[in-house]
Amino acid sequence: MIRVDGRTLRCADVVTAARTEGPLGIDVSLAALRAADHAWKLARELSTRRVVYGRTTGVGANKDDTVDGSAAHGLRLLRSHAGGSGEPMPPGQVRAMLLIRLNQLLAGRSGISPELIGALAEAVRSGALPLVHRLGAIGTGDLAPLAETALALTGERPWVHGHVPPVPVHAGDALAFMSSNAATLAEATLAAMRLDTLTRASHAVAALTYVALDGNPEAYATPVHEARPHAGQVACAAEMRRLLGMHQTPKPGRRLQDPFGLRAFPQVQGPALDAVHHLRDVLAVEINASTENPMISTVHGDAYHHAHFHTAYVSTALDQARATVHQVAELSVARLGDLVEPEFTGLRPFLAAGPAGSSGVMILEYVAHDALTELRQAALPATLGTAVVSRGIEDHASFSTQAARAATAACAAYQQVLGCELVAAVRALRMRDADLVDLPVRDAFEAASAVLDPSLEDRPLTGDIAAAAGVLERLARI
């Protein structure tokens, strides 16, 4: 049961909603509903005695145009903005978007009608999905997808799955419903949680490679990381010590200096852990935030015009997370290169086991570098540009929407990179018949071994890569 009260929604709740096909158990706060009703009544009263953007005026560059504030004007506003394009938004993202938008409205500062909130709650509860398109936002409000959603709730636009009884749009509802980045936050949250899983799984993958390469434990020693105690770096080193059963002062390894893929793992993984943690913190604020412009404050009895629709916090946090994860992925590909090198493993080149000239896992490097290149493209900053729209009145954009899409792409690419390394590490450990009996990372080896083909002859590795990528979520929990 997910609590929806405008204050306590968690990123994990958003993931649950995205993964739940069909009805979703939600507990809608009655106190929050009363607060939202109070704000609705206040917004109607304010519109009779002062200028309120989007209620008594047009929107964007039409801000100086006086309108009648009728329901008919609201419908025109929704219809004109429901111009989303491109492919339909994935069902999981739509479910997450609906939950986030409901939670934001229950913060009680939108001034939206109780009927529209009730219809949205019913859509979330029943699992009904409106047809929403991906394109139509630049990080200053998901106007197109939310306008499409609102029109579905009124009965004007189609549903992909299920439906709810149509409700009328009241005066002032249109902008109040659209004034949110719920669709962008949905994709950003799903990507952030997936990045969190992958970065945690990468500890187990790197630990398996460490064993296969007879790594030097000094690089993870407690005294080393106490000397430069960045939080993520310290956490990574501690996790590697846990997985590898290391003592505080480990014995020297086979090599005095390991390649950077092993030796610099905490220093490179640390920034990624910190960045993903920061991203989750930003999103935890955003999914519980009142972003509607104007904000209707029942405490102060007034409306406030502002720029909470601007999501620079989200876009910059996403850019940082993708950039740091890309560096970690580079180390994974580097370790894969070490795993196919006899100097490091004591095994045949490319971990081959057949006749002379056998290729073994040679193809994994090509697949991994292909995926790494995709990740590199996805890691390019989305924030190094802007847009000037609506006749110049809206003269900056965060592009958090595009940053979130890039994060989704980065997740898919990083998962493939880790999958390639995991296939090679498990193969090397099998060929060496490595003794993992006393190491906690043995659980990761057994989980991966259970899904990977034990055959060592030259054969297509497509299924192995897919199986390894699929087991990463389990490795993240070891």
Side-chain angles (χ1 to χ4, degrees), residues 197-198 200-215 239-240 242-245 254 258-259 261-262 265 329 331-372 412-478:
T197 295
L198 292 173
R200 284 188 286 115
S202 67
H203 292 113
V205 176
L208 289 172
T209 297
Y210 171 95
V211 176
L213 298 177
D214 285 326
E239 181 64 2
M240 293 297 284
R242 181 188 72 82
L243 288 168
L244 295 168
R254 193 173 85 177
D258 280 330
L262 288 177
F265 183 53
L331 287 194
S332 178
V333 174
R335 291 192 299 270
L336 175 59
D338 297 335
L339 285 165
V340 301
E341 173 54 56
E343 178 184 345
F344 292 114
T345 64
L347 301 169
R348 289 177 55 185
F350 307 111
L351 304 178
S358 293
S359 297
V361 298
M362 182 187 294
I363 195 63
L364 291 182
E365 287 190 282
Y366 295 84
V367 176
H369 275 285
D370 189 352
L372 181 62
Y414 185 36
Q415 187 169 355
Q416 292 299 306
V417 169
L418 286 176
C420 289
E421 181 187 357
L422 182 58
V423 170
V426 170
R427 184 182 179 109
L429 291 170
R430 283 170 169 169
M431 293 176 74
R432 291 188 52 194
D433 194 22
D435 183 10
L436 299 171
V437 66
D438 295 327
L439 301 180
V441 77
R442 177 185 179 184
D443 291 341
F445 176 75
E446 291 178 346
S449 292
V451 299
L452 293 178
D453 191 331
S455 174
L456 297 179
E457 72 266 13
D458 282 3
R459 56 183 176 79
L461 295 176
T462 305
D464 296 71
I465 297 171
V471 82
L472 291 174
E473 187 165 350
R474 182 174 173 187
L475 265 57
R477 299 192 298 268
I478 289 174

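- Across every non-hydrogen atom of G419 and A468, the tightest pair is O-CB, 3.5 Å.
- V417 has its side chain within reach of V333: a pair of non-hydrogen atoms, C-beta onward, lies under 4.5 Å apart.
- Between D370 atom CG and E365 atom CD the span is 13.5 Å, to the nearest 0.5 Å.
- Across S449 and R430, no two heavy atoms sit closer than the pair O-NH2, 3.2 Å.
- Of all the heavy atoms in L339 and A424, the pair that sits closest is CD1-CB, 3.8 Å.
- P355 approaches S358 most closely through the heavy-atom pair O-OG, 2.6 Å.
- For the atom pair CG of L198 and OH of Y414, the computed distance is 7.0 Å after rounding to the nearest 0.5 Å.
- One finds the CD1 atom of I478 at 12.0 Å from the CZ atom of R442 (value rounded to the nearest 0.5 Å).
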Derivation and outcome, side-chain contact (heavy atoms from CB on, under 4.5 Å), residues D258 and L213: CA-CA 9 Å; D258 280 330; L213 298 177; over 6 Å; no

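- Judged by distance alone, the side chain of R432 and the main-chain N or O of L347 form no donor-acceptor pair under 3.5 Å.
- Of all heavy-atom pairs spanning A368 and L336, the tightest one is CB-CD2, 3.7 Å.
- Separation of atoms CZ (R427) and CG (L461) is listed at 7.0 Å; rounding is to 0.5 Å.
- In this structure, the side chains of L364 and I465 come closer than 4.5 Å at one or more pairs of heavy atoms.
- The CG atom of L418 sits 6.0 Å away from the OG atom of S202 when rounded to the nearest 0.5 Å.
- Looking only at side-chain heavy atoms (C-beta outward), F445 and V426 come within less than 4.5 Å of each other.
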Test side-chain contact (heavy atoms from CB on, under 4.5 Å) applied to Y210 and R335, step by step: CA-CA 9 Å; Y210 171 95; R335 291 192 299 270; over 6 Å; no

Stepwise side-chain contact (heavy atoms from CB on, under 4.5 Å) check, E239 with L243: CA-CA 6 Å; E239 181 64 2; L243 288 168; 4.0 Å; yes

Evaluation steps, side-chain contact (heavy atoms from CB on, under 4.5 Å), between V471 and L422: CA-CA 10 Å; V471 82; L422 182 58; 3.7 Å; yes

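- Between A207 and L244, the closest heavy-atom pair is O-CD2, 3.7 Å.
- Within the structure, salt bridge (charged side-chain N to carboxylate O under 4.0 Å, His left out) pairs that include any residue of residues 464-476 comprise R19-E473, R459-D464 (at least two apart or interchain).
- Rounding to the nearest 0.5 angstrom, the gap separating the CD atom in Q416 from the CG atom in L372 is 12.5 Å.
- Side-chain contact between V340 and V361: present, with at least one pair of heavy atoms (C-beta onward) separated by less than 4.5 Å.
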